[in-house]
Undergrad: 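Before we start, here is the structure in question, set down as structure tokens.
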Amino acid sequence: MKIATYNVNSVNARLPVLLRWLAETRPDVACLQELKAVQEKFPTEAIREAGYHAIWHGQKAWNGVAILARAGEPAETGRGLPGDPDDFHSRYLEGTVGGVGVGCLYLPNGNPAPGPKFDYKLRWMDRFAARAAELVASPDPVVLAGDYNVIPEELDVYDPAGWEADALFRPETCEAYRRLLAQGWTDALRHLNPGERVFTFWDYTAGAWRRNAGLRIDHLLLNPAAAGRLVAAGVDRHVRGWEKTSDHAPTWVELRDV
DNA sequence: ATGTCTCGATCCTCGAGA
């Protein structure tokens, strides 16, 4: 089973790119972030014609997450994270597909830091970690896939010194990510590419793509049951070079016998 | 290189967010 995550940066503005990528790579499951569409503006018909069933959680202008699956509609197991009744952002959706648990997340950016947005990010990470702790010991494979807005380590950013004050790379952010992994999660892309620079995001500005000034911020975390089945992980880097493309590239894992 | 992109409100341009 191939499971992908892709921050599309507006599902409607990016629809041609999304459909082209789905047709080309045929993931079994695709987690999408930054739909930037209200619930009723999700392109249900086009997704269906592309061969995918979907659940999604939209929001006006910002955020929004979806889980697409070829085999059938994901059985939803969660929408939003508990722990903050004032949090109305559409950033977390969870379901099962063919016996595999899939969490799709769009973790808050957190800039500018320090400040209320950074505080929200760290609180959100705590709430997410609480849910992850419930999932990690599942006997079934679980994959937590999404735009984490976390640069895990220096290797994952083209200019570590230039990013040290950024919410994506501040010590509190990196420590929260390490605590999450310490529950027993495997960062699939890093696990299969130790010591290598692998980027998933290149800013639109300053010729970042041309200069390969990238970040690795899109992650797929695997619980032990999933990690035992991991056979491949990669980034569909070429998609970042397409016309009218997202600033993120699709990132994926392949699990054996699922 | 205050650089690019999207959405939404208001108006046909700008601010917010990323």
Undergrad: Round to the nearest Å and state the distance from A:H89 atom NE2 to B:dA16 atom P.
TA: 16 Å
Undergrad: Quote, to the nearest angstrom, the P distance that separates B:dT10 from B:dG15.
TA: 15 Å
Undergrad: Is A:S10 close enough to B:dC5 that one of its side-chain N or O atoms is under 4.0 Å from OP1 or OP2 there?
TA: no
Undergrad: Just checking A:R211: base, sugar-phosphate only, or nothing, at a heavy-atom cut-off of under 4.0 Å?
TA: nothing
Undergrad: What's the CZ-C1' distance between A:R14 and B:dT4, to the nearest Å?
TA: 11 Å
Undergrad: Between A:N7 and A:A61, which residue's closest nucleotide on DNA chain B lies nearer the 5′ terminus?
TA: A:A61
Undergrad: Can a donor-acceptor pair be found between the side chains of A:Y158 and A:W163 at a distance below 3.5 Å?
TA: yes
Undergrad: Salt-bridge test for A:E134 and A:R131: reply yes if a basic N is under 4.0 Å from a carboxylate O, no otherwise.
TA: yes
Undergrad: Donor-acceptor pair, distance only, cut-off 3.5 Å: does the side chain of A:N193 make one with the backbone of A:R190?
TA: no
Undergrad: Return the value, rounded to whole Å, for the distance between atom CG of A:N149 and atom C1' of B:dA18.
TA: 8 Å
Undergrad: For a quick test of your reading: what N or O donor-acceptor pairs under 3.5 Å do the side chains of residues 167-180 of chain A make, sequence neighbours left out?
TA:
unit_1, atom_1, unit_2, atom_2, d
A:R170, NH1, A:A165, O, 3.0
A:T173, OG1, A:A167, O, 2.8
A:Y177, OH, A:D187, OD2, 2.8

Undergrad: Between A:R197 (side chain only) and A:V157 (backbone N and O only), is there a donor and an acceptor less than 3.5 Å apart?
TA: yes
Undergrad: Expressed as a whole number of Å, how far does the P atom of B:dC7 sit from that of B:dA1?
TA: 30 Å
Undergrad: Set out, line by line, the N/O atom pairs under 3.5 Å between protein and nucleotides 10-15 of chain B.
TA:
none

Undergrad: For DNA chain B, determine which residues of residues 200-208 of chain A have any heavy atom closer than 4.0 angstrom to one of its atoms, and list them numerically.
TA: A:Y204, A:T205, A:A206
Undergrad: So A:K244, base contact, sugar-phosphate only, or nothing? Heavy-atom distance under 4.0 Å.
TA: sugar-phosphate
Undergrad: Rounded to whole Å, please give me the gap between CG in A:N63 and C1' in B:dG17.
TA: 9 Å
Undergrad: Find out whether A:V17 and A:R20 are in side-chain contact, i.e. whether some heavy atom of one side chain is under 4.5 Å from a heavy atom of the other.
TA: no
Undergrad: For the residue pair A:D147 / A:Q33, report whether a side-chain donor-acceptor contact shorter than 3.5 Å exists.
TA: no
Undergrad: Output the rounded distance in Å from NZ (A:K36) to C1' (B:dA18).
TA: 7 Å
Undergrad: Toward the 5' end of DNA chain B, which comes first, A:P108 or A:K60, by nearest nucleotide?
TA: A:K60
Undergrad: Please report, rounded to the nearest Å, how far the P atom of B:dC5 is from the NE2 atom of A:H248.
TA: 14 Å
Undergrad: Round to a whole Å and report the spacing from NZ of A:K41 to C1' of B:dC7.
TA: 13 Å
Undergrad: Pairing donors with acceptors under 3.5 angstrom, does anything connect the side chains of A:D247 and A:W202?
TA: no
Undergrad: So which of A:T5, A:N7, A:T200 actually passes side chain to side chain donor-acceptor pair (under 3.5 Å) with A:D218?
TA: A:T200
Undergrad: Quick one: does any side-chain atom of A:W56 pair with a main-chain N or O of A:Q39 as donor and acceptor, under 3.5 Å?
TA: yes
Undergrad: In whole Å, what is the span from the CZ atom of A:R210 to the C1' atom of B:dT4?
TA: 13 Å
